[in-house]
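Notes follow the structure.
The model shown is predicted, which means the values in this text are computed figures rather than measured ones. We use all heavy atoms of the structure for the numbers below, so side chains are in, but hydrogens, waters and symmetry mates are not. Reminder, nothing fancy here: chain letters follow the sequence lines and each chain counts from 1.
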Amino acid sequence: MDFSPILDSLNDAQRAAVTASAKHVLVLAGAGSGKTRVLVHRIAWLCRDKGIIPYGILAVTFTNKAAAEMRARVEALLGMSSTGMWMGTFHGLSHRLLRSHWQQTGLPQNFQILDSEDQFRVIRRVTKGLGLDEAKWPPRQSQWFINANKDEARRAKDLDSKDGSVDQQLIRIYFAYEEICERTGVVDFAELLLRSVDLFKRNSDLLADYRNRFRHILVDEFQDTNAIQYTWLKLLAGTQVPMFAVGDDDQSIYGWRGARVENIHSFNSDFDPVDTVLLEQNYRSTGTILAAANHLIQHNTGRLGKNLWTHDSVGDPIHLFAAYNEQDEARFVADQLKQWLDQGRKLSETAVLYRSNAQSRVFEEVFFAQQIPYRVYGGLRFFERAEVKNALAYLRLAAHHSNDASFERIVNLPTRGIGQRTLAALREYSRDYAIPLSEATSVLSQSGELNVRASNALKRFLALLQTMAASLEGLSLQEQVENIIKLSGLKAYYEREPGAKAVDRIENLGELVNAAREFNFDPNQFGDMTRLDAFLSNAALEAGEGQGEAWQDCTRLMTLHSAKGLEFPLVIMVGMEEGLFPHSMSTQESGRLEEERRLCYVGITRAREKLILSYAENRRHYGSVKYYPPSRFLREIPEQLLVELRAGVTISPTLIPRQKTVLKPGNESPFKIGQRVEHAGFGEGLVTECEGVGLHARVQVRFERGGSKWLVLEYAKLQPL
DNA sequence: TAATCAGCTTTTTTT
DNA sequence: AAGCTGATTA
């Protein structure tokens, strides 16, 4: 065997995957088993040892972050630039295809990308335009319906309108939505994929070129592919191009978004012959953490069946904290983080994970008060902020007057006397004559159908559009952005707005100018797109990081979904309550519940050394106090892996100091094996084991009412009897 | 037309 | 609790 440097650092299974010689390869890689590593090394191995030129590699991921990481790691391993490789997200690559071959797509050359908020607005407008009641046909639901269908490659015309009247209306909305998109030259995210697929289906020569070009196709997070993405892959692969797919059925957490784990099963029949490689050795977590994860996930049915194992030591037990309420829970987490710091560790090694974004608030408040630096992931990203989107809409409209979505967004922001009535007239005219809103504005401002005040307002707005369009001529992207922000009056508008928020908004507008200055644009990639158009597309496709780069050592707050792919020495999973996690919307169907369980599995396997779980007995939720029982997932973790911490009943911790059994170091434990004790919650029991001293001392107690528990003396409030 | 106030709903997320 | 929509008032 000759081992190249690329293979030296791999274990046997990883090496087998990287060097698999079957035409197609499916790697089932458990959490922390070196999934990305295998992918990166496979690419490097193909290039270095198999003589595949970078130009012949297509590697697909789901997020921009994953794509960037892959590129960086491949370059580091190969010691050269990866230019020429097609590496990116399904959407990014599709976008690139559509730009290069726009003539064959039926799209205008300067088609614009609709992000989900834009899409929502368009759908709402369509609903109103059809004379449907928004309350009865919520745009959110229609949006969901349209996207779900697009993800399954079904256009409005493909839908069977025979059944129930509910679908009838939704199909009407879908039709009308498609028409508007077509007319205004915009595409939503799903459309990028769908159009690419259509492009290939209709142009066999073009498809043949690409099949000829790509010698290897590699896919990350294969379990997250939806129907249209899988079709996309199959089309590009044809019968000749070898596929290399990496995934983990236990980490499929995007079923609600159309992802189909079954694609993993289909892979074996759609591609042949396939080598399947299992990666089960985990390099991330302690034995205890893995055992918890393995036991939990065994409650799911229909798994492909992997069991993670590790050479690592058993490690610390998992701590479970029962908080009185969500405040108490947040203070507990703050305490734990401080302890972590006291042990000489860093906050950047820690993460607090929750099910839904709204849960971050309490933690932010408490961390802020206690001066624990933190960074919230997810939530509103930079290019999604209202003020930024407003500025982008002005830019888009200045460059492309026909962009109705942008027009609607900013016609009257800041207010300039174009109210609902005028707008309604514009919409009607635009619909009747099938022209963009800006043209309707031009016609109606002259026609005399509107009152003087309204038509003057419209004329002023048109003049503004002209000025803005002119101000783009021959300038750098940065100057263009600066000009538009100034001309639009957005800055003045936000300066007038009271409150601290306004300061942030103005700052973000400044940040947008910076983003424009730093935007690097590869003109080779998108043919004859203008710099500005590339910037605008990029803003839709890459919404940007949640916050600027962290310069400070801080902990991370994020949802379980956004934690996928990450790892931390210390992970604290909070809000482990029925209704919250598993989420109440998911408890009805078993399929959804299993997905929640996988989400829990993902959370647990993020932890390297220490895992802490917590739940609150009372929680203020939607404005009133709720009592959620502890999550069923807690019961699915073997109790010998858990140590329960309990703060006792601290009604108002500021008034009633928490009672603790504090042991001075060196003191003998007041409890001996065989001694009878009483616990406020569990009743009477017998001490069966003692260990540790001082703050870490704990005892195992077998309670009469069943069950044996490890209790930390500091928290347990045990009374000797 | 614009600003203000009262009532209503509430997952997860990437592109 | 908060953000958003719709109705009301200036």
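Across A:Q119, A:R257, A:E191, A:E152, a single residue satisfies side-chain contact (heavy atoms from CB on, under 4.5 Å) together with A:N147, and that is A:Q119. The only member of A:D404, A:D188, A:L114 that meets side-chain contact (heavy atoms from CB on, under 4.5 Å) when paired with A:V122 is A:L114.
Residue A:Y622 is classed as a base contact, given a heavy-atom separation below 4.0 Å to a base. If you check every strand for non-hydrogen atoms under 4.0 Å, A:D115 touches nothing. At a threshold of 4.0 angstrom between heavy atoms, the contacts of A:R124 are confined to the sugar-phosphate backbone, with no base atom among them. Heavy atoms of A:G623 sit under 4.0 angstrom from at least one base atom. Using a 4.0 Å heavy-atom distance criterion, A:N412 is classed as a sugar-phosphate-only contact.
For A:W102 and A:F111, the gap between ring centers reaches or exceeds 6.0 Å.
Counting distance only, with no hydrogens placed and no angle test, the side-chain atoms of A:S116 and the base atoms of B:dT15 include a donor-acceptor pair under 3.5 Å.
Following rounding to the nearest Å, A:H583 (NE2) and B:dT11 (P) show an atom-to-atom distance of 6 Å.
Taking the side chain of A:Y254 as heavy atoms from C-beta on, and the options C:dA1, B:dT13, B:dT11, the nearest nucleotide is B:dT13.
Within the structure, every side-chain polar atom (N or O) of A:R381 is placed at least 4.0 Å from both OP1 and OP2 of B:dT13.
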